[in-house]
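Below is one structure, written out as C-alpha cells; the observations come after it.
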Amino acid sequence: MADKLIIFDTTLRDGEQSPGASMTREEKLRIARQLERLRVDVIEAGFAASSNGDFEAVRAIASAIRDSTVCSLARANDRDIARAAEALKGAGHARIHTFIATSPLHMEKKLRMSPDQVLEQARLSVRYARKLCDDVEFSPEDGYRSEPDFLCRVLEAVIQEGATTINIPDTVGYAVPELYGSFIAMLRERVPNSGKAVWSVHCHNDLGMAVANSLAGVKIGGARQIECTINGLGERAGNCSLEEVVMAVKTRRDYFGLDLGIDTTQIVPASRMVSQTTGFVVQPNKAVVGANAFAHASGIHQDGVLKARDTYEIMRAEDVGWSANKIVLGKLSGRNAFKQRLQELGIELESESDINAAFARFKDLADRKSEIFDEDIIALVGDESVTHQQEHFRLLGLRQQSETGERPHARVSFTVGDTEHQAESDGNGPVDASLKAIESRVNSGAELLLYSVNAITTGSTESQGEVTVRLQLGGRIVNGVGADPDIVVASAKAYLAALNKLHQNTERVAAQG
Ligand code: KIV
Ligand code: ZN
C-alpha cells in the first residue's frame, strides 16, 4: 500500500499574514468549511494568541469542523500554548503547532537567546503542549538556514518530549529543490528518534521554488506532510500552492507513488472563494486554477484536443472543479431553487434570515443581469449585507454622470453607523469621483495602494465587475472587495468594504515578528 501524503493547509494562518489578506471570523469559517469539503487533512485555523479576533476564529472553526484536524499556531511559550489549547477545546481532532527560531541569525538578532536557551525553551514548550493535546507539531523557524548539528539536537529533544510532527520551514524561501530535499533526508537520518514523528515541509516562494522544494522534500527527503495554501497565498511571494502540489502528486503518481485524501473537484471553488474573500486575484496563467489553465488558443492545440484530449491535456478540467460558465438561475427562479443551488455549491449560510438576505440580493441582481452563474452566487454570498460582517459603512445608492469632454461627477449616499450621508465630488473618471465623494465625508486619510477590476465570469460584457481596493492607514493594509454589474457601484462597495475592515481595527501579533 502506498504511503499517504498529509495535506496541511495554512491559508487561514500563514496565508492570512499576507498584507491586506486579513479575514473576518465569518470569512475564515466559510473558507474552513470549503477546506473540509476539499478534504484537507489539517486546517491551520489561525494563531490564537495573536489577537482576540484570531482566538475567536480558531474557536469557531474548531467547533464547526469535524473531519479535518484543526490546528492553532503558538509561539514556544506557555501563554501562547495555553491559549491555543483553549481555542481548540471544541475540536473533533486538535493540533497545537508550536515554533521557535533556530537559525544563528534569528536566535542572535531577533530572539537574543543563546542556542542552549532556545533548545530548552523548545523542549519545555513541547512538553507543556503535550500535556494539553495529543497531537503536537514543532517547527524550528528558519530551519533551513539553521546549523545542522544544533538543529538535530533540538529535533531529537522535542521528539523525546512527544512532538508528533516535525516541520522544517524554509521561512525565507532560500532553498533550492535538491538541497532542500537532501537537508530533510539528512535530518531524518541523523536524528536518532526521527522515526517517531511525521516529517513535514513548509516552503516560501521568494525564488518561485516553493512547490518544487516541497516536492523534493517529499521525494528526496521522505517527508509525508506538505504545508501549503490555496492560490499560494502568503507573506511576500507566498507559500507553496496547494492546488499545484496536490495535482503534481496526483498526476505524477507514477513518480511520487503517494496517496492523497483530497477531493480535487473542490479545488477551483476553494481558489475562487479565497480570491474573492481576500481580493488577491489569481493570474490567468496560474497552473490549475488560472482562467487560462485549460484554455487552448492556438489552432494546432485546439485541433489536437478535439481529436484526442490527452494530446495537450495532462489533467481534466472537471477533475479540479472547472465547470464551463453554467447558467444556473434567472429572474424567475424561486427561493427554493436558490437555496438548493447554495447547497449544491456547498455554501452554508448560518440562518434562514441570512438565506433571505442572500435571496434578496440575488433577486436584485437578477433584475439587472439576465443570466446568473455559479460565480455570481459565490460573489453574492461574500457580500457584507448577507454575511452580517461589521457594516459600519454601507452603500445606499450612487448616481454618476460622465460625458465625453466633461468632468465626471458622482453623488453617493451611504450610512456611517446609523446615520445616512450624501456626498458629491468631481473626479478624473466616474470611479475616481465616487471614491472621492465617499472620502470627502469619511475623511479616513487612507492611502489607496491598489485598485483592480475583473470580470467575475468570462466571455461577456454582461458579467459582474469584481473590484478590489487596497487601503493603507497607520501601518495597516486591508483589502475590500465589491461586485456589481455596474463597476462604479462595485468600486464604491469595495471602497466601503475596505473602510469597514479598517474600522474593525483588529490588531494581531505577527508569527514571524
Ligand atoms: O515560515 C515559517 O517559518 C512559519 C512558521 C511559523 C512555521 O510559518
Ligand atoms: Zn511560513
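Whatever order the structure lists ligands and atoms in, that order sets their numbers, starting from 1. Nothing here was measured: the structure is a model prediction, and the numbers come from that model.
Of all the atoms in ligand 1, the ones that sit under 4.0 Å from a non-hydrogen atom of E141 are 3 (O). Ligand-side atoms of ligand 1 in range of H97: 7 (C), range being under 4.0 angstrom from any heavy atom. Residue-ligand proximity, H202 to ligand 1, at heavy-atom distances under 4.0 Å covers atoms 1 (O), 2 (C), 4 (C), 8 (O). Close contacts of ligand 1 with H204, meaning ligand atoms under 4.0 Å from a residue heavy atom, involve 1 (O). Listed by atom number, the atoms of ligand 1 under 4.0 Å from P169 heavy atoms are 2 (C), 3 (O). Ligand 1 places these atoms under 4.0 Å from at least one heavy atom of S139: 7 (C).
Remark: ligand 1 and D14 share an N or O pair separated by less than 3.5 Å (distance only, no angle test). At least one N/O-N/O distance between T171 and ligand 1 falls below 3.5 Å.
Judged by the shortest distance from any of its heavy atoms, R13 lies inside the 4.0 Å radius around the atoms of ligand 1. Within the 4.0 Å heavy-atom shell around ligand 1 one does not find E235.
Annotation: cation-pi pair R470/F280 present, NZ/CZ under 6.0 Å from the ring centroid and within 45° of its normal.
Angle NE2 (H202) to the Zn ion (ligand 2) to NE2 (H204): 100°, rounded to 10°.
Using modelled atom types and a 3.5 Å distance limit, the side chains of N239 and T229 yield no donor-acceptor pair. Remark: the E137 side chain and the T165 side chain contain no N/O donor-acceptor pair separated by less than 3.5 Å. Counting only N and O atoms by type, the side chains of S241 and K286 include a donor and acceptor under 3.5 Å apart. If you check the side chains of Y451 and S491, you find a donor sitting under 3.5 Å from an acceptor. For the 3.5 Å distance criterion, the side chains of D14 and H204 qualify, holding a donor opposite an acceptor.
T11 contributes a side-chain N or O that, together with a main-chain N or O of I230, makes up a donor-acceptor pair within less than 3.5 Å.
Because the distance cut-off is set at 2.8 Å, D14 qualifies as a neighbour of the Zn ion (ligand 2) through one of its N, O or S atoms.
For F99 and F138, the distance between ring centers is not under 6.0 angstrom.
Q225 pairs in a side-chain contact (heavy atoms from CB on, under 4.5 Å) with only one of the listed residues (I6, V201, V218), which is I6.
If you look at E227 next to ligand 1, there are no close heavy atoms at all, none under 4.0 Å.
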